[in-house]
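First the structure, in the form of C-alpha cells, and then the observations on it.
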Amino acid sequence: MQVYNRFITYLLLFPILLLFSVAAISQEKKVAATPKELQLEIATMDSLLFSAYNARNIEKLKTFFTEDLEWYQDNGGLLSLQTVMDNFDGIFKRDYILTRALVKGSMEVHPIKDFGAIETGSHQFSHTENGKLEVGTFKFLMIWKKGNKGWQVSRVVSYDH
C-alpha cells in the first residue's frame, strides 16, 4: 500500500514539475545574435552622426534623421525633428563646445525585421565651463531605419539625465 501511495504522489507531482520546467524554459532569453555586419553598420552610423554633432554641422546632422522623427526625452518630453534641430542649433551657438562620446562597451544593437535596428547604450557629453571640465553620462535608445536614404534615426529615447 505504501508503494501505491508513493506512486500516486509521484503521478500527481509529475504534471506540476513538468509545468514548472516549461515555465522556466520559456523565461530563458531567446535573443538571436546580432550579425556582426549590422553591429558594424550601426556603430559606423553612430560615429558619423556624432562626428557631425561634435563638428557642429547642423546641415549634415539633419541628414541622419527621418522627417517624422520622434525624440522622447525624460526632461524635455516628445520633440519633433524641427524642435530637435532648433535645440542643436542653440547648443552649437553657445560659447563652449559640447562634445559627445559613446561609452566604450555600452552599445548594443538588435535587428528589427524588415525595418532596421535598435541601438542602445550610454554616452557622455562634456564641455569646459569656467575652466572646469563638466561631464554627464546618459542613456539612449535609437531606432535606425534603413530606407531609400540609407540608415536614418526615426525614434530616439534619451533618458537618465
Side-chain angles (χ1 to χ4, degrees), residues 22-161:
V22 169
I25 291 169
S26 69
Q27 289 182 4
E28 288 181 21
K29 281 189 169 182
K30 296 193 179 191
V31 178
T34 300
K36 287 184 181 184
E37 180 181 301
L38 178 62
Q39 182 84 20
L40 181 59
E41 280 184 83
I42 297 304
T44 299
M45 293 308 300
D46 180 277
S47 178
L48 292 170
L49 186 156
F50 284 101
S51 288
Y53 176 88
N54 289 340
R56 298 176 160 194
N57 186 338
I58 194 84
E59 292 306 315
K60 180 69 174 169
L61 190 59
K62 189 174 183 177
T63 66
F64 287 95
F65 298 100
T66 61
E67 291 293 322
D68 67 341
L69 173 70
E70 291 180 2
W71 185 299
Y72 301 88
Q73 187 154 331
D74 57 359
N75 59 5
L78 173 60
L79 310 172
S80 67
L81 175 63
Q82 187 59 54
T83 302
V84 169
M85 290 302 118
D86 290 345
N87 288 348
F88 285 154
D89 192 47
I91 289 168
F92 297 162
K93 289 179 180 172
R94 293 181 182 165
D95 61 351
Y96 57 80
I97 297 175
L98 183 66
T99 59
R100 183 265 195 178
L102 183 64
V103 173
K104 187 176 174 122
S106 72
M107 186 180 78
E108 289 186 23
V109 176
H110 302 276
I112 302 175
K113 184 180 179 193
D114 300 326
F115 186 83
I118 299 168
E119 175 191 8
T120 62
S122 296
H123 48 198
Q124 291 184 326
F125 288 86
S126 59
H127 69 280
T128 301
E129 190 171 356
N130 299 323
K132 182 180 175 195
L133 180 64
E134 301 283 338
V135 179
T137 303
F138 313 106
K139 295 179 182 175
F140 69 92
L141 176 147
M142 292 193 285
I143 306 292
W144 288 88
K145 179 179 182 179
K146 190 167 189 180
N148 296 336
K149 295 182 180 181
W151 285 104
Q152 291 183 298
V153 176
S154 63
R155 303 293 179 264
V156 175
V157 180
S158 180
Y159 60 102
D160 198 25
H161 290 96

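Counting begins at 1 with the first residue of the sequence.
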Indicate the atoms forming the closest heavy-atom contact of [X] with [Y], along with that distance.
| X | Y | value |
| --- | --- | --- |
| T128 | Y96 | O-CB, 3.7 Å |
| T63 | Q152 | O-NE2, 3.0 Å |
| N54 | L98 | OD1-O, 4.2 Å |
| R56 | R94 | NH2-O, 3.5 Å |

Practice task
Please confirm whether R155 makes a cation-pi placement over F65, using NZ or CZ under 6.0 Å from the six-membered ring centre and within 45° of the ring normal.
Solution key: no
Just wondering, do [Y] and [X] contact through their side chains at under 4.5 Å, heavy atoms?
| X | Y | value |
| --- | --- | --- |
| I143 | F115 | yes |
| V153 | L49 | yes |
| K139 | H161 | no |
| V156 | L141 | no |
| V103 | Q124 | yes |
| E67 | L81 | yes |
| W144 | S154 | no |
| I42 | W151 | yes |

Problem - Centroid-centroid under 6.0 Å between F88 and Y53 rings - result: yes
Problem - Ring center gap for F125 and H127 short of 6.0 angstrom - result: no
Handout entry: I112, CD1: over 12 other non-hydrogen atoms inside 6.0 angstrom
Key = yes
Can you measure from [atom1] ([X]) to [atom2] ([Y]) and round to the nearest 0.5 angstrom?
| X | Y | atom1 | atom2 | result |
| --- | --- | --- | --- | --- |
| M85 | L79 | CE | CG | 10.5 Å |
| L78 | W71 | CG | CH2 | 12.0 Å |
| S122 | K104 | OG | NZ | 15.0 Å |

Completion exercise
Result for side-chain contact (heavy atoms from CB on, under 4.5 Å) between F64 and one of M142, K149, M45 points to M45
Sub-3.5 Å donor-acceptor pair from the side chain of [X] to the main-chain atoms of [Y], do we have one?
| X | Y | answer |
| --- | --- | --- |
| S51 | S47 | yes |
| T34 | V109 | yes |
| D160 | F138 | no |
| S126 | V135 | no |

Practice task
Could you walk me through whether F50 and L102 pass the side-chain contact (heavy atoms from CB on, under 4.5 Å) test, one step at a time?
Solution key: CA-CA 9 Å; F50 284 101; L102 183 64; over 6 Å; no
Problem - Steps toward side chain to side chain donor-acceptor pair (under 3.5 Å) verdict (E59, N57) - result: CA-CA 6 Å; E59 292 306 315; N57 186 338; over 6 Å; no
Problem - Salt-bridge contact D46-R100 (side-chain N to carboxylate O under 4.0 Å) - result: yes
